[in-house]
J.: 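I'd like to ask some things about the structure below.
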Amino acid sequence: MQERYNFSEIEAKWQKEWEQEDLYKVTEGDEKEKYYCLEMFPYPSGNLHMGHVRNYSIGDVLARYKHMKGYNVLHPMGWDSFGLPAENAAIKHGIPPAKWTLDNIENMKKQLISMGLSYDWGREVATCLPDYYKWTQWIFLQFYKHGLAYKKKSYVNWCPDCATVLANEQVVNGACERCDTPVEKKSLEQWFLRITDYAQDLLDSIPDLKGWPDKVKIMQENWIGRSEGAEISFTVEKTGKKLPVYTTRPDTTFGVSYLVLAPEHPMVEELIAGTEYEEPVRKFVRNVQQMSEIARTSAETEKEGMFIGSYVINPLNQEKVPLWVANYVLYEYGTGAVMGVPAHDERDFMFAKKYDLPIRVVIQPKDQELKVEEMTTAFVEDGVMVNSGKFDGLPNQEGISAVAHYLEEIGAGNVKVNFRLRDWLISRQRYWGAPIPIVYCDKCGAVPVPDEDLPVRLPLDVEFRPTGESPLNNIPEFLNTTCPCCGGPARRETDTMDTFICSSWYFLRYADPKNAEEAFNKEKANYWMNVDQYIGGVEHAIMHLLYARFFMKALNDFGLVDVREPFQRLLTQGMVLKDGTKMSKSKGNVVSPEEIINKYGADTARLFILFAAPPERDLEWSDQGVEGCYRFLNRVWRLVYNYVKDENIKKAEAKAELTKDDKDLRRLLHGSIKKVSEDIGERFTFNTGVSAIMELVNGLYHYRDKAEQDPALLKDAIDSLLILLAPFAPHISEELWHALGHQTSVHTQAWPEYDEEALVAEEVEVVLQINGKVRDRLKVAANLSREELEKTVLAMEKAQQNMQGKQVVKVITVPGKLVNIVVK
RNA sequence: GCGGGAGUGGCGGAAUUGGCAGACGCGCUGGAUUUAGGAUCCAGUGGGAGACCGUGGGGGUUCAAGUCCCUUCUCCCGCACCA
């Protein structure tokens with residue numbers, strides 16, 4: 001055994017060895033219980049960053065731990081490899097996207113391997129390869145065949161910089177999630193998936209996600225945004241047509257003083273055509289539509305509107321109220337029209353004040369009387385209905401359903417549930433994605449590509465121009481095809497799918513990655529799913545995690561798999577920061593994993609990133625902290641080195657009886673086993689797990705200084721130490737394990753069990769408190785009875801001093817912990 | 001504005017069920033070793049000379065509060081005209 005810890009030699013050696021032995025290969029159907037440990041697969045940007053290191057270190061500790069605990073562990077890795085950066089590289093550097101992507105994968109895979117991660121590389125998938133996207137296309141067609149994929153013309157979010165449309169979820173504060181460019185609205189014909197059909201289901205099963213952080217569950221709940229209310233039909237006076245509005249407050253319907261349409265509402269144009277309002281209203285609508293999404297959807301934006309010259313009839317009281325158009329009404333939500341009740345809605349109140357529209361109180365608070373002239377803000381709390389005909393006197397909460405049901409009776413409305421969630425726009429006007437497998441025929445319309453013709457291959461020999469247009473439009477061999485229906489000439493769809501589609505089912509493909517006949521074998525998927533532990537960044541709280549849940553429910557409904565939720569437990573790791581902020585090139589505070597691994601080794605990098613903070617919290621990078629972890633591994637190395645070298649210890653006879661020092665070490669050892677097991681397996685607090693291992697090492701150093709040791713105990717402690725360390729620092733543990741003379745891998749050892757009896761201390765320290773404040777300490781026998789403990793502590797000098805001349809009110813004794821004397 | 005999370009030594013962080021605040025690591029101080037430095041090993045390290053005081057501030061419950069309740073401040077994250 002070498003005296004020095006030569007990490008680079010050791011790490012290379014064991015990485016090669018593990019690969020040759022195929023140590024991490026798994027197959028299904030083992031008699032062991034399965035455990036599916038999954039980390040979010042990366043986009044192959046070309047280089048690993050610290051966020052990846054953190055993500056994959058966490059996953060690897062869990063996977064290795066579960067493996068040693070006797071589970072059949074599936075721990076795969078792959079590549080989310082479609083996406084825009086590959087195209088940008090092509091435009092900028094003239095490298096074809098496929099080559100750029102595959103080169104990046106190769107490089108990143110090397111880096112992942114250099115971290116010593118326990119992946120079954122035989123299950124590697126890359127979403128950009130035809131053997132994967134064939135099945136992405138097939139799944140799309142399943143959605144299509146079940147009526148869950150459809151094409152419609154609508155106002156969609158367009159990012160001018162990315163030159164493509166975006167899903168609602170990809171618009172952040174009115175700007176493109178990727179490049180921060182303000183999005184524009186465009187009216188385009190696009191493919192959607194009917195995620196709204198699953199809105200209620202997605203919401204209802206959130207409480208079942210027991211192992212998910214509340215934060216993520218709440219975010220999803222808010223995103224789905226269920227609201228209960230009523231749809232109420234007003235009648236347009238001029239045309240007699242019904243104009244439905246959606247409201248959560250049908251109890252305020254008697255307080256309606258105007259109605260507002262969204263600028264995009266088709267009835268606007270219909271009602272102004274040929275009237276004196278035509279020109280000014282058109283101008284107003286145009287102005288609103290020219291506003292950026294950010295300005296338009298901000299709550300701070302001044303509410304502006306305009307009367308459009310028509311009136312509608314309130315179905316409850318037959319009142320005639322004016323019809324307006326205004327910038328604050330969203331066409332996409334509800335019916336695109338709202339009723340204005342200024343007295344009881346803040347926005348309506350502001351609007352009515354601005355345009356001098358009437359305000360009528362229809363809900364009175366219980367303890368005071370509202371006077372319109374005195375109101376400075378809308379009254380939105382609960383109260384009693386007034387000015388509401390036969391509903392007068394009814395508490396408004398009851399009024400909500402009473403009015404809704406009455407409207408239903410008279411045929412002027414119905415109870416209605418609305419969701420904020422919109423259907424998922426999946427078309428992208430980009431090249432580097434999975435082609436949507438549809439062809440357009442003049443005779444037959446949109447026709448799905450037959451399963452046997454899949455995959456619709458992405459042509460690889462393409463030319464990129466910085467026009468923003470998808471090159472697929474310029475490739476006749478791709479574009480022109482024959483109709484699968486009638487055999488006539490047809491055109492292919494040139495849009496590709498949102499890459500979130502590819503990542504919505506990859507965890508299923510890992511269960512059966514090589515299958516050429518199916519997306520995945522049902523039995524294999526049923527065996528491995530669902531994912532027992534999923535680990536990734538919280539930035540995916542909504543998009544990826546919601547889409548994947550939607551896919552799982554749909555695939556279950558298609559009968560392809562038995563489970564309905566993809567991820568049993570979810571761990572969202574915090575960011576890796578440097579100098580208090582996120583690492584970024586522009587700030588110049590990036591620490592590259594490669595650099596750290598070269599300087600200290602992967603084991604040190606892993607250990608530091610797990611030790612520096614609990615996984616959910618942000619982690620501040622510290623070069624000195626890394627140094628400390630490196631020192632610790634050296635300390636472990638020397639401990640084992642000295643042990644192996646010391647012939648006396650190995651020759652020593654086993655002792656008949658353990659001394660106090662022996663028992664202390666044994667208690668420390670078993671306490672460490674317990675702590676590390678719980679910290680990895682139950683609490684997911686790897687930082688305290690590492691600290692427990694450090695304490696064990698400190699204890700072993702002290703033990704080595706003792707005059708006599710128990711050789712059997714020492715050997716057991718050092719063996720166990722290496723097993724406990726193995727999930728965190730796999731290379732050094734393996735090397736030292738073999739240096740101790742073991743023939744098999746440390747990673748295939750059974751995780752040690754702790755002995756409850758060994759944990760029991762013979763002596764404990766108890767505390768003397770006076771009025772709750774610690775005044776003295778005392779070592780006593782651990783099994784001392786309550787009475788004896790109290791007697792002993794009360795007899796202490798400090799106790800006597802404090803009781804002198806005072807009245808003892810009471811004495812609280814907690815055996816094994818403390819005696820608190822309350823004096824007056 | 002709404003929702004969520006966090007404020008603990010010089011720093012990262014521990015304290016799992018209300019029971020010894022500051023585990024472990026960094027940094028710092030001292031000692032041993034060494035020609036010397038580095039490395040290593042050992043010891044010390046919240047503040048205060050001390051009685052004592054200490055978990056963002058104020059109040060409360062309790063024999064006992066970092067932990068529970070009320071209130072307030074600061075920071076971070078998510079959503080934000082969804083009728």
Side-chain angles (χ1 to χ4, degrees), chain A residues 172-174 213-219 221-223 225-227 229 245-249 252 260 262 296-303 326-330 332-341 344-348 350-351 418-422 538-539 541-542 574-575 580 607-608 611-614 616-629 631-632 634-635 638 675 678-679 682-683 685 687-695 697-698 701-702 704-705 765-777 809-814 816-823:
Chain A
V172 177
N173 289 329
D214 289 339
K215 179 191 166 88
V216 174
K217 290 197 274 191
I218 290 164
M219 281 167 76
E221 220 171 279
N222 292 340
W223 191 264
R226 184 183 198 271
S227 84
V245 300
Y246 175 73
T247 179
T248 53
R249 295 293 303 275
T252 65
V260 201
R296 212 184 136 175
T297 55
S298 164
E300 276 96 66
T301 303
E302 178 82 14
K303 290 171 189 26
N327 61 352
Y328 72 94
V329 179
L330 304 172
E332 303 87 30
Y333 186 77
T335 63
V338 297
M339 58 189 212
V341 187
H344 306 292
D345 181 282
E346 205 45 60
R347 294 155 301 184
D348 297 347
M350 277 156 59
F351 195 76
N418 245 317
F419 294 93
R420 209 189 78 115
L421 183 73
R422 312 287 152 79
V538 74
E539 65 273 18
I542 295 174
M575 283 189 292
L607 198 69
F608 168 72
F611 176 61
E616 311 249 0
R617 229 194 277 184
D618 285 350
L619 180 155
E620 174 69 26
W621 184 267
S622 155
D623 291 331
Q624 286 175 328
V626 176
E627 201 78 53
C629 288
R631 271 208 293 265
F632 168 71
N634 275 286
R635 202 166 145 80
R638 280 190 302 274
K675 176 87 179 129
E678 286 170 359
D679 283 351
E682 285 154 48
R683 297 209 313 148
T685 51
N687 56 329
T688 52
V690 173
S691 86
I693 297 174
M694 288 173 169
E695 282 178 87
V697 170
N698 291 343
Y701 265 83
H702 292 136
R704 290 297 312 269
D705 285 344
E765 195 178 64
V766 292
V767 183
L768 160 66
Q769 291 185 345
I770 306 295
N771 291 339
K773 297 207 169 86
V774 179
R775 286 294 174 262
D776 208 355
R777 291 152 205 281
V809 181
K810 66 167 130 169
V811 178
I812 287 120
T813 304
V814 184
K817 292 225 165 107
L818 55 84
V819 176
N820 186 12
I821 305 166
V822 185
V823 296

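Model, not experiment: these values are computed from the prediction.
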J.: Send over the distance from A:F632 CZ to B:rA39 C1', rounded to a whole Å.
T.: 18 Å
J.: Have a look at A:T685 and say if it touches a base, only the backbone sugar-phosphate, or nothing, with a 4.0 Å heavy-atom cut-off.
T.: nothing
J.: The side chain of A:Q624 is closest to which nucleotide in this list: B:rC26, B:rA83, B:rC79?
T.: B:rC26
J.: I'd like to know if A:K303 reaches the base of B:rC81 with its side chain such that a donor and an acceptor end up less than 3.5 angstrom apart.
T.: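 In this structure, the two groups form a donor-acceptor pair.
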J.: Taking the minimum atom-to-atom distance to the side chain of A:K215, which one of B:rG4, B:rG19, B:rC52 wins?
T.: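 Ranking B:rG4, B:rG19, B:rC52 by closest atom to the A:K215 side chain puts B:rG4 first.
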J.: Taking the nucleotide of RNA chain B with the nearest heavy atom to each, does A:L619 or A:D679 sit closer to the 5' end?
T.: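 With A:L619 and A:D679 compared, the 5'-side residue is A:L619.
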J.: Look at all strands and tell whether A:R226 reaches a base, only sugar-phosphate, or nothing, counting heavy atoms closer than 4.0 Å.
T.: nothing
J.: Can you tell me which nucleotide in B:rA83, B:rG27, B:rG3 comes closest to the side chain of A:R631?
T.: B:rG27
J.: Could you tell me how far B:rC26 sits from B:rG13 if I compare only their P atoms? Round to whole Å.
T.: 16 Å
J.: Could you tell me how far B:rC28 sits from B:rC20 if I compare only their C1' atoms? Round to whole Å.
T.: 26 Å
J.: Is there a side-chain contact between A:V819 and A:V766, using heavy atoms and a 4.5 Å cut-off?
T.: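 Result no, sub-4.5 Å side-chain heavy-atom pair not found.
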J.: When the C1' atoms of B:rA14 and B:rG66 are considered, how many whole Å apart are they?
T.: 12 Å
J.: Using a 4.0 Å heavy-atom cut-off across all strands, classify A:L330 as base, sugar-phosphate, or nothing.
T.: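 Here A:L330 touches the bases of the nucleic acid.
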J.: More 5' along RNA chain B: A:V774 or A:E678, using each one's nearest nucleotide?
T.: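 Looking at RNA chain B, the more 5' nearest nucleotide goes with A:E678.
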J.: Under a 3.5 Å cut-off for both distances, is B:rA39 Watson-Crick or wobble paired, and to whom?
T.: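 The answer is none; no pair meets the criterion.
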J.: Using whole Å, what does the distance between atom P of nucleotide B:rA14 and atom CD of A:E616 come to?
T.: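 After rounding, the reported distance stands at 12 Å.
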J.: Please state whether the phosphate of B:rC20, meaning OP1 or OP2, lies under 4.0 angstrom from any side-chain nitrogen or oxygen of A:R775.
T.: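 No, because none of the side-chain N or O atoms of A:R775 sits under 4.0 Å from OP1 or OP2 of B:rC20.
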J.: Can you tell me how far C1' of B:rC77 sits from CE of A:M575, to the nearest Å?
T.: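 Whole-Å distance recorded here is 8 Å.
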J.: Which whole number of Å gives the distance between the C1' atom of B:rC11 and that of B:rG18?
T.: 29 Å
J.: Rounded to whole angstrom, note down the P distance from B:rU34 over to B:rU29.
T.: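 Looking at atom P only, B:rU34 and B:rU29 are 23 Å apart.
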J.: Paired with B:rU67 by Watson-Crick or G-U wobble geometry, both distances under 3.5 Å: which nucleotide is it?
T.: none
J.: Using atom NZ of A:K810 as one end and atom C1' of B:rU62 as the other, report the distance to the nearest whole Å.
T.: 9 Å
J.: For A:W621 and A:V626, run side-chain contact (heavy atoms from CB on, under 4.5 Å): C-alpha distance rounded to whole Å, both residues' side-chain angles, the deciding distance at 0.1 Å, then the answer.
T.: CA-CA 8 Å; A:W621 184 267; A:V626 176; 3.5 Å; yes
J.: If we take the C1' atom in both B:rG38 and B:rA32, what is their distance in whole Å?
T.: 16 Å
J.: Base, sugar-phosphate or nothing for A:T248? Non-hydrogen atoms, less than 4.0 Å.
T.: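 Sugar-phosphate, no base atom in range.
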J.: Side chain of A:Y333 only, please: which of B:rG13, B:rC81, B:rA83 is the nearest?
T.: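 Among the listed nucleotides, the one closest to the side chain of A:Y333 is B:rA83.
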J.: Can you tell me, in whole Å, how much space there is between the P of B:rU55 and that of B:rG46?
T.: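 Result for the P pair: 16 Å, nearest Å.
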J.: Taking the side chain as C-beta and beyond, is there a heavy-atom pair between A:R249 and A:D345 under 4.5 Å?
T.: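 Heavy-atom side-chain distance check fails, nothing below 4.5 Å.
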J.: Measure from the side-chain heavy atoms of A:F611 and tell me the nearest of B:rG12, B:rG19, B:rC79.
T.: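 Within the option list, the nearest is B:rG12.
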J.: Side chain of A:N222 only, heavy atoms from C-beta on: which candidate in B:rG3, B:rG25, B:rA14 is closest?
T.: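 Taking heavy atoms from C-beta onward, the closest nucleotide is B:rG3.
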J.: When all nucleic acid strands are considered with a 4.0 Å heavy-atom cut-off, which category describes A:G628: base, sugar-phosphate, or nothing?
T.: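 If one applies the 4.0 Å heavy-atom cut-off, A:G628 turns out to touch the sugar-phosphate alone, with no base involved.
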J.: Both conditions, 6.0 Å and 45 degrees, for the charged tip of A:K303 above the ring of A:F351: are they met here?
T.: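 The answer is no; the distance or angle limit is not met.
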J.: Distance check: side-chain N/O of A:R635 vs OP1/OP2 of B:rC42, anything under 4.0 Å?
T.: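 Yes, because at least one side-chain N or O of A:R635 sits under 4.0 Å from OP1 or OP2 of B:rC42.
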J.: Given that both distances must come in under 3.5 Å, which nucleotide forms a Watson-Crick or G-U wobble pair with B:rC28?
T.: B:rG44
J.: Which nucleotide in the list B:rA43, B:rC63, B:rC20 gets nearest to the side chain of A:I812?
T.: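 Given the options B:rA43, B:rC63, B:rC20, the side chain of A:I812 is closest to B:rC63.
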J.: Using a heavy-atom cut-off of under 4.0 Å over every strand shown, decide if A:N687 touches base, sugar-phosphate, or nothing.
T.: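 The residue A:N687 makes sugar-phosphate contact but no base contact.
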J.: Under 3.5 Å, side chain of A:N418 to main-chain N/O of A:S227, donor-acceptor pair present?
T.: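 No; zero donor-acceptor contacts below 3.5 Å.
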J.: Can you tell me if A:D679 uses its side chain to pair, donor with acceptor, with the backbone of A:V690 under 3.5 Å?
T.: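 No, the answer is negative, given that no donor and acceptor are paired below the 3.5 Å cut-off.
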J.: Which one is paired to B:rA6, where only Watson-Crick or G-U wobble pairs with both distances under 3.5 angstrom count?
T.: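 B:rA6 is paired, partner B:rU74.
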J.: If you only use heavy atoms from C-beta on, which nucleotide in B:rA80, B:rG78, B:rA83 is closest to the side chain of A:E300?
T.: B:rA80
J.: If we take the P atom in both B:rG48 and B:rA39, what is their distance in whole Å?
T.: 29 Å
J.: Using both distances under 3.5 Å as the test, list the Watson-Crick or G-U wobble partner of B:rA15, or none.
T.: none
